[in-house]
Amino acid sequence: MPELPEVETIRSQLALKLRSRRFDHVEIHDGRLTRPEPPEVVAAELAGEVVRDVRRRGKYLIFAFESGRHLLVHLRMTGSFQHPAAVGPDPHRRAVVNLDDGSDVAFRDVRRFGTWLLLEPGELDAYLSARIGDEPLEGAFTTAVFARALAGRSAPIKGALLDQRAVAGVGNIYADEALWRARIHPQRPAGELARQEVAALRKTVRQVLGLGIARQGATLSTFRDPNGRKGRMQKAFKVYGLEGEPCERCATPIVKTRVAGRGTWFCPTCQPDPR
DNA sequence: AGTCCGACCCGAACGC
DNA sequence: TGCGTTCGGGTCGGAC
């Protein structure tokens, strides 16, 4: 599942390939991708746009055009980009962009949750600020800022980490990995964490996301970067998907449970539940 | 306002 | 072997 490190991996590669390229022609084969806008309308609007840069906010990929417009892409569960696009039939291909250098970029999405939204100049900031909070890897994401985002919340800290308005870009995998490193039980009420626990969690969130980027993301089954390569972060997991395996710190078998409606892995010894 | 839960998808894993 | 069922995951919208 693409979380911040996977989206960042895609962003950095696409930026190198697409900067200053013009979208000559766009085909969108799936009406869900641009809903409620008709796909042929969005495809026609995109034709002629020149890429100034490819950016990222949280899990959103942002194609910034010279015109001032932005194409906001969310990969959801299984969205991915391919460049150069593979030749031959692909039942999961949802869109293709022909570039002015003669190459094609393909968008694939098995589960069809991904979205493409074309925003007019000036619309981006309001759209994003309504949906997502601070970038965890930027300096503005201080312990004080994080503590404020968690203050007064009775929801489990795991759930708060998944809330994109509390902190942008953390998904199910990196939430579990950050909580293990910070030795915090996923079920702890977010607002009841001690200041030093918030500080520790801020640090480990940044650690695991940074490690994920350095390792080009995590590939469980489907994630591939635009060059078709897998990530390596899955080899550095300490708890995610490791039910029954010994905890690296204390050898206690890792437990799988359900928190905030999500599969959740943790070490019951290192991450004690104070209740 | 914050929290919870179902809906949206479909391939993979599982059960018989 | 083959078929049917369950599960998961990010976000949104509705219910509480």
Side-chain angles (χ1 to χ4, degrees), chain A residues 1-10 28-37 39 56-62 72-81 90-95 107-117 119 126-133 135-136 146-179 186-193 205 209 212 217-224 230-231 233-234 237 239-244 256-265:
Chain A
M1 304 53 167
E3 302 181 27
L4 187 154
E6 289 74 31
V7 179
E8 178 59 25
T9 298
I10 293 167
I28 300 174
H29 312 117
D30 184 356
R32 283 194 54 87
L33 192 58
T34 56
R35 210 163 57 176
E37 296 298 319
R56 180 192 58 73
R57 268 287 275 130
K59 301 173 193 170
Y60 286 96
L61 201 55
I62 304 163
L72 196 58
V73 173
H74 201 299
L75 305 170
R76 290 296 204 283
M77 313 297 306
T78 53
S80 68
F81 282 93
D90 177 354
H92 302 307
R93 179 173 296 183
R94 309 298 177 197
F107 179 77
R108 309 184 71 245
D109 191 358
V110 172
R111 293 194 191 163
R112 303 172 65 213
F113 277 21
T115 55
W116 282 22
L117 177 65
L119 294 174
Y127 186 90
L128 289 177
S129 61
R131 286 166 178 78
I132 60 180
E135 279 297 313
F146 194 23
R148 206 170 305 135
L150 301 179
R153 300 185 59 159
S154 60
I157 182 61
K158 165 80 180 260
L161 283 173
L162 297 178
D163 178 355
Q164 301 300 295
R165 286 162 304 180
V167 52
V170 177
N172 202 40
I173 294 172
Y174 292 90
D176 282 3
E177 294 297 316
L179 287 168
Q187 201 68 263
R188 298 269 307 280
E192 294 179 15
L193 295 188
V205 163
L209 295 176
T219 297
L220 294 179
S221 55
T222 57
F223 173 74
R224 297 291 188 282
K230 298 181 180 185
M233 182 61 191
Q234 66 280 3
F237 288 169
V239 284
Y240 187 86
L242 298 175
E243 182 179 16
K256 182 184 182 187
T257 179
R258 205 164 180 83
V259 179
R262 296 285 171 247
T264 298
W265 289 263

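Computed from heavy atoms alone, side chains included, the values below leave out hydrogens, waters and symmetry copies. Labels below follow one simple rule: chain letters A, B, ... track the order of the sequence lines, proteins then strands, and each chain is numbered from 1.
Ring centroid separation for the pair A:Trp265 and A:Phe237 does not come in under the 6.0 Å cut-off.
Distance, A:Arg112 CZ to B:dG11 C1': 14 Å, rounded to whole Å. Between the CG atom of A:Asn172 and the P atom of C:dG8 there is a distance of 10 Å, given to the nearest Å. Atom CG in A:Asp109 sits about 12 Å away from atom C1' in B:dC8, given to the nearest Å. Atom P of nucleotide C:dG9 and atom NZ of A:Lys158 are separated by 8 Å, given to the nearest angstrom. What separates CG of A:Leu150 from P of B:dT3 is a distance of 10 Å, to the nearest Å. Here the C1' atom of nucleotide B:dA7 and the CZ atom of A:Phe113 are 8 Å apart, to the nearest Å. Following rounding to the nearest Å, A:Ile157 (CD1) and B:dT3 (C1') show an atom-to-atom distance of 15 Å. The separation between A:Leu75 atom CG and B:dC8 atom C1' is 17 Å, rounded to whole Å.
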Sugar-phosphate or base contact per nucleotide [nucleotides 11-16 of chain C; S, B, -; heavy atom under 4.0 Å]:
BS----
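Electrostatic pairing of A:Lys59 and A:Glu3 does not count as a salt bridge here, judged by no charged N lying under 4.0 Å from a carboxylate O.
Between A:Arg258 and the phosphate of C:dG8, there is a side-chain N or O to OP1/OP2 separation shorter than 4.0 Å. One finds a side-chain N or O of A:Tyr240 lying less than 4.0 angstrom from the OP1 or OP2 phosphate oxygen of C:dG9. Residue A:Arg111 has no polar side-chain atom (N or O) positioned under 4.0 Å from OP1 or OP2 of C:dG9. For C:dG8, one of the phosphate oxygens OP1 or OP2 lies less than 4.0 angstrom from a side-chain nitrogen or oxygen of A:Lys256.
Between the A:Arg56 side chain and the A:Gly58 main chain, a donor and an acceptor come within less than 3.5 Å of each other. Of the possible polar contacts, one joining the A:Glu177 side chain to the A:Tyr240 backbone as a donor-acceptor pair under 3.5 Å is found. Remark: side-chain polar atoms of A:Gln164 are paired, donor with acceptor, to backbone N or O of A:Val170 under 3.5 angstrom.
Within 4.0 Å of A:Ser154, counting heavy atoms only, lie sugar-phosphate atoms of the nucleic acid but no base atom.
Where A:Val110 and A:Gly261 each meet DNA chain B at their nearest nucleotide, the meeting point lying more 5' is that of A:Gly261.
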Hey, can you pull the donor-acceptor pairs under 3.5 Å for the side chains in residues 148-160 of chain A, sequence neighbours left out?
from     : atom 1 : to       : atom 2 : distance (Å)
A:Arg153 : NH1    : A:Asp163 : OD2    : 3.1
A:Arg153 : NH2    : A:Asp163 : OD2    : 3.1
A:Lys158 : NZ     : A:Asn172 : OD1    : 2.8
A:Lys158 : NZ     : A:Asp176 : OD1    : 2.7
A:Lys158 : NZ     : A:Gly263 : O      : 3.3
A:Lys158 : NZ     : A:Thr264 : OG1    : 2.7

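Legend: residues meeting side-chain contact (heavy atoms from CB on, under 4.5 Å) with A:Arg108, ordered by chain and number and at least two apart, are A:Ser80, A:Gln82, A:Asp90, A:His92.
Of the candidate nucleotides B:dC4, B:dC10, B:dT3, B:dT3 has the atom lying nearest to any side-chain atom of A:Arg153.
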